[in-house]
Structure formats: C-alpha cells, structure tokens
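Reading through the structure tokens given below for one structure.
Just so we're clear, the structure is a prediction, and the values are computed from it rather than from any experiment. Proteins get letters first, then strands, A, B, ... in listed order; numbering begins at 1 in each.
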Amino acid sequence: MKPCRLLLAVFPILLAGGCDGGSAGNVTVESAWARPSPQGAPTTAFYMTIGNNTGQEDALQEVRIDNCEAVEIHRTSMDEGGVMRMAPVPGGQIVVPAGERVTLEPGGLHLMCIGLAQPFTEGQEVPLTAVFAVSGDISATAEIRDSR
Amino acid sequence: MRLLVLIFVAMLTACSGSLFGPPELNGTVYSEPRETPEFTLQSAAGGPVTAEDYRGKVVPIYFGYTFCPDVCPTTMANLARVQREVDDDGDEIQVLMITVDPQRDEAQVVQDYVASFHPTFIGLSGTEAQIATATEPFGVFYQAAAGSSATDYLVDHTARVFVLDKSGALRVTYAYDTPVEDIIADMRVLVEE
Ligand SMILES: [Cu+2]
C-alpha cells in the first residue's frame, strides 16, 4: 500500500515537471526584442515568437508598450521587383493555430511602435502586454539589442 | 594521349574563368556597368551633393525613410556590419541613405538617423523633384500609401542596396534578403580594384 501512496503523491509533481515551466497548455510570448532606436527615429519594430501550446486556435489582437503612443500589428511584404510594402495585418490580428508557433521577424510580421516617448537603448528591458483573443493578457519582456 | 591533352586543355579553359579572371561577385551585377548616376541632393553639411563627390570610393546606396521601422533599420544595421568589418575608418566605403520621404526627412534628420548605425554614414535629402530624379537611374520605385491615424502615411519603396564602384559606375545590386556575408565578400573585392 505504501509505495502506491508514494507514487500518487509524486505523480502530480512529475507531471508538473514534465510541463517544463508551465509552457504546455499555454500561449507563450518568447524572445521578444527590438533594436536600439536610431537618433530621432519616431518608430521601431518589436519582434517575438508566439507559441500556442493549447488545444485551440488563438490570435494576437493587440500589444501595449508604455513607451509607444500606438502599436500596430504589421506585415512587410516584398514583390518580385523588390518593392517593400508594409501594412496592418488583415483582420488586425495574427492567428496562431493550436500547437503551432508564429515568428515575428525583420522583413515580415512585426509590431510597429509609433510615437516613441523616449528612444530605446541597448540593454534595456521593456515590459509589454500582448492581448490574445482566447488567452487574454500575457505579459512579457522585450530586450533591446542588435539583431543576431 | 592526344585525347588526354585535349581534356586537359578543355579543363584549363573551363577553370581559367575562375582562376585568372576577375573574382565573381555575389550580388546581381549589371550586365553593362552603368554610368555614374546623375543626381543632386542635399546633405546635412549644407552643400549640394552629387555622385561624383564620392568617386574613388565604393558607394553602397539605400533608398529608405526614417519613419520605416522594419526593413530600413535592418538594412542599415547590415550595412553598418559591412562597414565595420571591411573598412571601419570609412576610407574606402561610403554608405549613403537617400530618403524617399522628403516631407518628413530633412537632410539633418536622415543624417542623425544613419550616423546612429555608423559614424561614417551619410544621409541625403532634397526637394521632391530632386528625390524623383535621383531614383531614376537606379530604377527605384517609391510611393506614399495611406496609413492609420497613428502612422498617417507609409512609403512603399524598392528595398535594394545599389553599389557604385570606385569609377562611379553603377555596378552591382543586392536584394533585401542577401546574406550580409555575401555583401562583405563583394565589398572586399571592390575596395581592392
Ligand atoms: Cu510596420
């Protein structure tokens, strides 16, 4: 009887350990970053990876960053002639299907921060709130650094 | 025996292009090098600027604007890496950014912006007409597009880097997604000419 009881006590702990920091079952915002602001730059772009470890589709609908007057969810696209166009994503949201990951990166999806109250400086850690349709508000920290 | 000699000669001919000819560039090389593009623009220093002013240097040119958060700073950061690794003193390479948004970007605004990436970079602006004339020899397209209440307007534009060689000829161009290492290798070749 005793070994069985022990196993019952340990099992939830094992389960939690296997979930590794609570990432399973959640929507995560990882590796958020932006470049240091060039002098006088009125805008910048934030990049990140969104992981959807839940069983249902979710969508990033809004991002709030204190230092930005507005944050828009944009996609940069390039035509065959090498002309760059940047526009808000259709529907105003980034859909992340269940079990998938979406990466926002230079030349593609980005969060355009407009109207910087202060320039972002190298090494700064910037708190942000990402708002998802299903998961609600998720807090994350973006690192200000040059691209790697 | 004769056959062996023939094969040897054929191999030599095939190889000579890469062995003895000029090193090939990674970028898109103009089939006939174009003449020095004609433009007159304004620098923050005040005076009018033409492409002739940079003859003797390798001149990577990017058309962009300072309100652009994504592709422009990414490209300028890449060019800064090229400058640092090939010619940090700026003796041989002169990067220019020419604004396609003169309404927002006076010369001093572009200059401050590019100097944040590398102190040797030069930012240029001009009148609407001067900018339009400058884009022509490069085949650069640019057009303001309506934005939101926050962005007001954005500017669609060709996102390539164009390079004048030391003779001032428009020689090679790079697509936005060209690996920086490829540009670095090419600049090492061009500064040696
Ligand atoms: Cu954008």
Polar side-chain atom of B:Thr158 near backbone of A:Gly82 as donor-acceptor pair, under 3.5 Å: no

If you count the non-hydrogen atoms of other residues, nucleotides and ligands that lie under 6.0 Å from CD in B:Glu106, is the total more than 12? no

May I ask you to name which of B:Phe67, B:Phe141, B:Tyr142 has the most heavy-atom pairs under 4.5 Å with chain A? B:Phe67

When only pairs under 4.5 Å are counted, which of B:Ala77, B:Ala175, B:Pro73 shares the most heavy-atom pairs with chain A? B:Pro73

Heavy-atom closest contact (A:Ile114 atom, B:Ala150 atom, distance): CG2-O, 3.4 Å

Nearest heavy-atom contact between A:His110 and B:Pro69 is NE2-CG, 4.2 Å

Is chain A contacted by the side chain of B:Tyr65, its backbone, both, or neither, given a heavy-atom distance below 4.5 Å? side chain

Around A:Asp66, counting heavy atoms of other residues, nucleotides and ligands shown, do more than 12 lie under 6.0 Å from its CG? no

Could you tell me whether the side chain of B:Asp70 reaches within less than 4.5 Å of the side chain of A:His74, counting heavy atoms only? no

Sub-4.5 Å side-chain heavy-atom contact between A:Met112 and B:Leu154: yes

For B:Glu32, is the CD atom crowded, meaning more than 12 foreign heavy atoms sit under 6.0 Å from it? no

Please check if the number of heavy atoms outside B:Glu38 that lie under 6.0 Å from its CD is greater than 12. no

In this structure, CD of B:Gln111 is separated from CD of A:Gln39 (nearest 0.5 Å) by 9.5 Å

Over 12 non-hydrogen atoms of neighbours within 6.0 angstrom of CZ in B:Arg55: yes

When rounded to the nearest 0.5 angstrom, what is the spacing between OG1 in A:Thr76 and OH in B:Tyr176? 7.5 Å

Find the one option among A:Glu105, A:Met78, A:Arg35, A:Met86 whose heavy-atom pairs under 4.5 Å with chain B are most numerous. A:Arg35

Of B:Ser149, B:Cys72, B:Ser148, B:Ala145, the largest count of non-hydrogen pairs under 4.5 angstrom with chain A goes to B:Ser148

